[in-house]
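From a predicted model like this one, the values you see are computed outputs, not experimental measurements.
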Amino acid sequence: MQDSSDRTRFRQRLLAWFDKHQRDLPWRKNRTRYRIWVSEIMLQQTQVVTVIDYFQRFIKRFPTVKSLAAAEESEVLKFWEGLGYYRRARQMHAAAIQIVKQHNGRFPDNFDEVLALPGIGRYSAGAILSIADDQPLPILEGNTVRVYARLMNFQEDVTKSASQKSLWAFADTLVTRKRPGDLNQALMELGSEICNKNTPQCMKCPVASFCLSLQRGDPRQLPNKGTKRVRYEALHQIAIVIQRRKRYAIRLCGPDEHWTGLWDFPRFTAHTGDIADKLKQVTQETKQRTGLSVQLGKPFLNLKHAVTRYRIELDCYHAVSVEGRLRAQQDLRWASLDELQELAMSVTGRKIVRHLMKA
DNA sequence: AAGACGTGGAT
DNA sequence: TATCCAAGTCT
């Protein structure tokens, strides 16, 4: 892969493989910048199988930049419900508004202008413009880090900025005017289908003859990602499902907490102590947070879920409030089951609602 | 530059 | 079960 004739043969082999094996994915049908943008944002840290249905529904409802810009953020979030990393949806919506104002509703085709949009970094800008417009821009993400590191037999810790620089430089040597969009997609697809993390299929690899780690080392040992350990933290929380007649008290998550922009049942940290003590604490805390005096019921659901480095155990309590005003704040409201169906909630919030529907 | 951000699948 | 991590970006 040192000289350009090597790289030419590399591209030919890889593209031939891609022509034969590429998956039939909805965003490959009609490659406008807008559609590729949506797919790329959804695909950030998210597996292809998960994205497919979300993409179809999203594009059907928001077929153009303008339709997305015209929508309420709450509706955009509803279409994102369950996908995670909700900031992506809020930033994409903000970017759509920006595109209408600054670019007359046309998704820009200039790299720096695309990079300037919220939620789009170097990878996404390169991916969108190479895939949609065949602009010769390099990409570097999870799959290609692995592919490049193995091809180069690159031993350094790939999380270091110096390594990132080398990997971007390598990516840059790969991409040319020859079908850059397909090349980039082929590199990623090779990384996920053949050059995968645990069981690389080197026997099936169309570019094995170029792979230095296969010749001189062990592909499975690469990439070297350093030895940083995530410190998981166990959390015990309480969710209160406060009912009055047919409605439930919910609150909008704010900017400094998980699930910003989504609705959730009032939640707080569970206290330790004996049972009676705990229930008293829960009632007090509920009063403090919502302004409501509640008659606490039984815990009806226990959920375990993980959010980033937190492992959360959530005890859900029924509670009834017959009188009193919900604290006069924008982030609190009453909602019927029908209304809860329409609002964007986190997966745990949605599980609670599903449970209420069944009961 | 290390850590936050969601969720579900794989090992 | 615990841990990693998947088409990253932002702070």
Side-chain angles (χ1 to χ4, degrees), chain A residues 22-23 25-28 36-55 77 80-92 94-95 114-128 130-132 137-147 157-164 167-168 171 181 183-193 195-199 220 223 225-234 253 255-262 264 303-313 344-351:
Chain A
Q22 71 167 294
R23 302 174 60 180
L25 299 173
W27 45 89
R28 288 187 175 153
I36 300 299
W37 175 40
V38 172
S39 72
E40 286 301 332
I41 300 299
M42 286 187 170
L43 285 163
Q44 287 173 5
Q45 300 290 285
T46 309
Q47 298 187 333
V48 169
V49 282
T50 309
V51 167
I52 293 174
D53 289 341
Y54 280 91
F55 176 82
L77 283 169
W80 211 269
E81 184 182 283
L83 247 194
Y85 286 135
Y86 300 99
R87 181 174 313 183
R88 293 180 296 177
R90 292 186 288 112
Q91 286 179 317
M92 193 163 69
V114 173
L115 192 60
L117 295 168
I120 298 185
R122 184 172 177 188
Y123 160 75
S124 298
I128 294 164
S130 64
I131 296 170
L137 294 163
I139 56 160
L140 185 66
E141 42 64 76
N143 286 308
T144 44
V145 164
R146 188 169 55 253
V147 171
D157 178 351
V158 296
T159 65
K160 302 294 180 191
S161 59
S163 302
Q164 292 283 309
L167 292 163
W168 273 109
L183 185 83
N184 282 338
Q185 292 185 89
L187 285 161
M188 292 189 280
E189 205 135 308
L190 185 78
S192 69
E193 306 295 310
C195 194
N196 61 35
K197 177 172 167 281
N198 294 317
T199 56
R220 286 166 304 182
K225 294 197 171 186
T227 52
K228 56 181 181 301
R229 277 256 172 277
V230 210
R231 276 284 179 246
Y232 291 97
E233 190 178 333
C253 299
D256 298 324
E257 53 188 329
H258 288 139
W259 306 299
T260 304
L262 305 196
D264 196 8
L303 299 172
K304 293 177 173 62
H305 66 112
V307 185
T308 64
R309 67 187 192 84
Y310 300 100
R311 288 173 49 250
I312 305 177
E313 179 171 3
M345 305 188 89
S346 68
V347 165
T348 47
R350 187 54 58 200
K351 282 180 180 169

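Counting only heavy atoms from C-beta outward, the side chains of A:R87 and A:T260 never approach each other to under 4.5 Å. Residues A:H258 and A:Y310 form a side-chain contact, since some pair of their non-hydrogen atoms from C-beta on lies under 4.5 Å apart. Using a 4.5 Å cut-off on side-chain heavy atoms (C-beta onward), A:R311 and A:K304 make no contact. Considering only heavy atoms from C-beta on, A:N198 stays 4.5 Å or farther from A:R220 through its side chain. The closest side-chain heavy-atom distance from A:T46 to A:Y54 is not below 4.5 Å. Contact of the A:W259 side chain with the A:V307 side chain is registered, since non-hydrogen atoms from C-beta on lie closer than 4.5 Å.
Here A:R88 pairs with nothing under the salt bridge (charged side-chain N to carboxylate O under 4.0 Å, His left out) rule; sequence neighbours left out.
The same atom, C1', is picked in C:dC5 and in B:dG3; the two are 16 Å apart, to the nearest Å. When the C1' atom is used for both C:dA7 and B:dA2, the distance is 23 Å, rounded to whole Å.
In summary, the side chains of A:Y123 and A:Q44 do not present any donor paired with an acceptor at a separation below 3.5 Å, with no hydrogens or angles considered. A:S161 and A:Q164 form no side-chain donor-acceptor contact under 3.5 Å, judged by distance and modelled atom types alone.
Comparing A:V49 and A:K160 by the nucleotide of DNA chain B whose heavy atom lies nearest to each, the residue mapping closer to the 5' end is A:K160. Nucleotides of DNA chain C nearest to A:Y232 and A:L115 differ in position, and the one nearer the 5' end is that of A:Y232. When the nearest nucleotides of DNA chain B are assigned to A:S161 and A:T260 by heavy-atom distance, the more 5′-ward of the two goes with A:S161. With the nearest nucleotide of DNA chain C identified for both A:Q47 and A:S124, A:Q47 has the one nearer the 5' end.
Remark: C1' of B:dT11 and NZ of A:K197 are 8 Å apart, rounded to the nearest angstrom. In this structure, A:M42 atom CE and B:dG8 atom C1' are separated by 16 Å, rounded to whole Å. Here the P atom of nucleotide B:dG8 and the OH atom of A:Y54 are 8 Å apart, to the nearest Å. Following rounding to the nearest Å, A:M345 (CE) and B:dT7 (C1') show an atom-to-atom distance of 17 Å. In this structure, A:R311 places its CZ atom 16 Å from C1' of B:dG6, rounding to the nearest Å.
A:K304 comes within contact range of no nucleotide atom at all, as no heavy-atom separation falls under 4.0 Å. A:R28 comes within contact range of at least one nucleobase, with a heavy-atom separation under 4.0 Å. When heavy atoms are screened at a 4.0 angstrom cut-off, A:T159 is found touching no nucleic acid atom at all. Among the atoms of the strands shown, only primed sugar atoms or phosphate atoms (P, OP1, OP2) are found under 4.0 Å from some heavy atom of A:G82.
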Atom pairs, protein N/O to nucleotides 3-5 of chain B N/O, distance under 3.5 Å:
{"from": "B:dA4", "atom 1": "OP1", "to": "A:R309", "atom 2": "NE", "distance (Å)": "2.8"}
{"from": "B:dA4", "atom 1": "OP2", "to": "A:R309", "atom 2": "NE", "distance (Å)": "3.4"}
{"from": "B:dC5", "atom 1": "OP2", "to": "A:H258", "atom 2": "NE2", "distance (Å)": "2.9"}
{"from": "B:dC5", "atom 1": "N3", "to": "A:Y85", "atom 2": "OH", "distance (Å)": "3.3"}

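Here chain A contacts DNA chain C (any atom closer than 4.0 Å to a heavy atom, that is under 4.0 Å), and the contacts span C:dA2 to C:dC10 from 5' to 3'.
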